[in-house]
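In what follows, chains are A, B, ... by sequence order, proteins preceding strands, each numbered from 1.
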Amino acid sequence: MPELPEVETIRRGLKAVQGRRIESAEFGLPRLILGSTAGELTRKLQGRRIEAILRRGKYLVLELDTDTLVVHLGMTGQLTHAPANAKEDVRFIRTVTGLQKALGVHPVDKHTHAVLHLDDGSRVQFRDPRTFGKIIFIKGHAWEKNPRIQILGEEPLDLKIEPFLKKNFPARSRRPVKALLLDQSFLAGVGNIYADEALFASGLHPKTLVTLLQPAERIRLLTAVKTVLRKGIRYQGTTFSDYRKPDGSNGDNFERLMVYGRGGKPCRSCGTTLQKIIVAQRGTVFCLQCQPPRGGKKRAILKTVDKPRRPSHN
DNA sequence: AATTCGCCCTGTCGGC
DNA sequence: TGCCGACAGGGCGAAT
C-alpha cells in the first residue's frame, strides 16, 4: 500500500519525465478515471508537456502545461517509467509460465491500465491489480481546490509540532489513536504501515483513546510519525507485495520495519511475541510490552518493570 | 457531530 | 490436486 514514503520515492524516481511531452496515451479501465472519460482523456493529453511532478499526501500530481493529472495508487498501484524500446517487464508478471519464460514472450499484462507514451520513446505505465487506484483529470492547475485534495490535513514532514498541537490536534476525540493516524484529514500520507510503526516508536498502544494522550505523548507521537516517514523515504519505501520504484525495483524498508507485517514474530526491541489485532478495521501489529494498554494491564506491567533489578556481578 | 461499517477488487494462502 | 473461504486495505458513502 503506497503511503507517503512510497509516493515520494516514486515522485523522485520520475524526475526524468519532467519536461517531456506526451505523444499519446492509452487507458484500459475506464472506472479508474475521474473527471473525464477515457476517450476524452486520450485526446486531452495528446501533445501535453509534463511541467512538474509533485506530491500531496498519498497523491502524485502531474502538472501539465495546461491541465493536471492526479494519481492515487490505492493499495496495489504501481507507476513505472520504462525506457525507450523496453519490453514488458517480466518482474511485474507473476503468472508467466515455464514455456513463456523459455520463449521470452509473455501475455499482455492485464493489470496495466494506463500508458503515457513520451516524446523520447519512454513510457509511464500505471499498473494496479486490485484496481483501488484513481487517475483524476483536473482542468487547469487549481488541483489543490479539488475536494479530495482539499480535505487533506497537513504534510507530516512540513508541520511544526508545537503550533500543530495547539491548532490541529483533536484533544477530545474518543477515537483510538491509530484511527486518528489513518485519518487523511488529520495528517496526509500516513497509512497502515507507518501508523503501526509510529505507534511502536512512540510506545503507544494502538487502541489508546486520543483524549487520554498526555501532552508529552502527543509530542512523542508526532515526532515518531516524522521519524518513521523519513526512514521510509531514506530506504525508498516498503515493498510488502506490490510496491515498486519507477525502475521496477523493490524498496528496502520492509526488512527494517519494527512491527508491520511481523505479527507472531519477536519484538526487535524486547523479544516479546508481537500481537496482531484489528483496530479501525485494519490489521494492527504491536508489542504488548513496549506499547502497554491503558488501565488494567498497565499496572501489572509497571509493577513488573518497577521491581528492583538484581545487580549483575560479571 | 463524531465515529463506525460496508463495499469495491483480485491475488495469495491455508485448510480440507 | 483442486476447490473455497479468508484475508489484505484506502477511501468513500451510508448507517449508527
Next item on the list: Taking heavy atoms of chain A and a 4.0 Å limit, find me the 5'-most and 3'-most nucleotide of DNA chain C within that range.
Entry: dA8(C) to dC12(C)

Notebook entry, point to check: Who are the salt bridge (Lys or Arg N to Asp or Glu O under 4.0 Å) partners of Arg55(A), not counting sequence neighbours?
Noted result: Glu8(A), Glu155(A)

Please list, one pair per line, the donor and acceptor atoms closer than 3.5 Å that link side chains of residues 228-236 of chain A to other protein atoms, with sequence neighbours excluded.
{"unit_1": "Lys231(A)", "atom_1": "NZ", "unit_2": "Arg256(A)", "atom_2": "O", "d": "2.7"}

Checklist line | Contacts of Lys178(A) that satisfy salt bridge (Lys or Arg N to Asp or Glu O under 4.0 Å) - sequence neighbours left out | finding: Asp196(A)

Note to self: Considering every strand and a 4.0 Å limit on heavy-atom distances, what is the contact class for Gly133(A): base, sugar-phosphate, or nothing?
What the structure shows: nothing

Next item on the list: Compute whether any side-chain donor of one residue and acceptor of the other, for Tyr194(A) and Glu6(A), lie under 3.5 angstrom apart.
Entry: yes

Next item on the list: Can you tell me the distance, in whole Å, between the CG atom of Asp128(A) and the C1' atom of dG11(B)?
Entry: 12 Å

Notebook entry, point to check: Where the side chain of Ser36(A) meets the backbone of Phe137(A), is there a donor-acceptor pair that is under 3.5 Å apart?
Noted result: no

Checklist line | Set of residues satisfying salt bridge (Lys or Arg N to Asp or Glu O under 4.0 Å) with respect to Asp119(A), sequence neighbours excluded | finding: Arg20(A)

Do any side-chain atoms of residues 264-271 of chain A form donor-acceptor pairs under 3.5 angstrom with protein atoms, and if so which ones, sequence neighbours left out?
{"unit_1": "Arg268(A)", "atom_1": "NE", "unit_2": "Leu257(A)", "atom_2": "O", "d": "2.8"}
{"unit_1": "Arg268(A)", "atom_1": "NH2", "unit_2": "Glu255(A)", "atom_2": "O", "d": "3.3"}
{"unit_1": "Arg268(A)", "atom_1": "NH2", "unit_2": "Leu257(A)", "atom_2": "O", "d": "3.3"}

Note to self: I need the residues from residues 143-157 of chain A with at least one non-hydrogen atom less than 4.0 Å from DNA chain B; give them sorted by number, or say none.
What the structure shows: none

Check: Donor-acceptor pair, Arg294(A) side chain versus Leu212(A) backbone, under 3.5 Å?
Finding: yes

Next item on the list: Quick one: label Arg175(A) by what it contacts on the DNA or RNA (base, sugar-phosphate, nothing), any heavy atom closer than 4.0 Å.
Entry: sugar-phosphate

Next item on the list: With heavy atoms under 4.0 Å as the rule, sort Arg31(A) into base, sugar-phosphate or nothing.
Entry: sugar-phosphate

Check: What's the CG-P distance between Leu32(A) and dT10(B), to the nearest Å?
Finding: 10 Å

Check: By a strict heavy-atom criterion of less than 4.0 Å, which residues belonging to residues 181-196 of chain A are in contact with DNA chain C?
Finding: Gln184(A), Asn192(A)

Item checked: Any pair counted as salt bridge (Lys or Arg N to Asp or Glu O under 4.0 Å), so long as it reaches residues 134-149 of chain A, sequence neighbours left out -> Asp67(A)-Lys139(A)

Item checked: Contact nearer the 5' end of DNA chain C, comparing Lys276(A) with Lys58(A) -> Lys276(A)

Note to self: What's the separation between atom CZ in Phe126(A) and atom CG in Leu29(A), rounded to the nearest 0.5 Å?
What the structure shows: 9.0 Å

Next item on the list: Using only side-chain N and O atoms of His111(A), determine if any of them is under 4.0 Å from OP1 or OP2 of dG11(B).
Entry: yes

Note to self: Using the ring centroid of each side chain, check whether Phe27(A) and His113(A) are separated by less than 6.0 Å.
What the structure shows: no

Note to self: By the salt bridge (Lys or Arg N to Asp or Glu O under 4.0 Å) test, which pairs, at least two apart or in different chains, include something from residues 23-44 of chain A?
What the structure shows: Glu40(A)-Lys44(A)

Notebook entry, point to check: Using rotation axes that map the C1' atoms of four end pairs onto the next four (five pairs an end), what angle separates the end axes of the helix from dA2(B)-dT16(C) to dC16(B)-dG2(C), to 10°?
Noted result: 60°

Next item on the list: Provide, to the nearest angstrom, the distance between the CG atom belonging to Leu180(A) and the P atom belonging to dT4(B).
Entry: 11 Å

Notebook entry, point to check: Does Phe240(A) have any ring-ring contact (aromatic ring centres under 6.0 Å, His included) partners at least two apart in sequence or in another chain, and if so, which?
Noted result: Phe254(A), Tyr260(A)

Check: Roughly how many Å is it from CZ in Phe132(A) to C1' in dC7(B), rounded to a whole number?
Finding: 8 Å

Next item on the list: Measure the CG-CZ distance between Leu288(A) and Phe286(A) for me, rounded to the nearest 0.5 Å.
Entry: 5.0 Å

Notebook entry, point to check: Any side-chain N or O of Lys110(A) less than 4.0 Å from the OP1 or OP2 oxygen of dG11(B)?
Noted result: yes

Check: Nearest nucleotide by nearest heavy atom, which residue falls closer to the 5' end of DNA chain B, Gln281(A) or Thr131(A)?
Finding: Gln281(A)

Check: Base, sugar-phosphate, or nothing for Ser173(A), non-hydrogen atoms under 4.0 angstrom?
Finding: sugar-phosphate

Check: What does Met75(A) touch in the nucleic acid at a heavy-atom separation under 4.0 angstrom: a base, only the sugar-phosphate, or nothing?
Finding: base

Margin query: Base, sugar-phosphate or nothing for Lys134(A)? Non-hydrogen atoms, less than 4.0 Å.
Written below: nothing

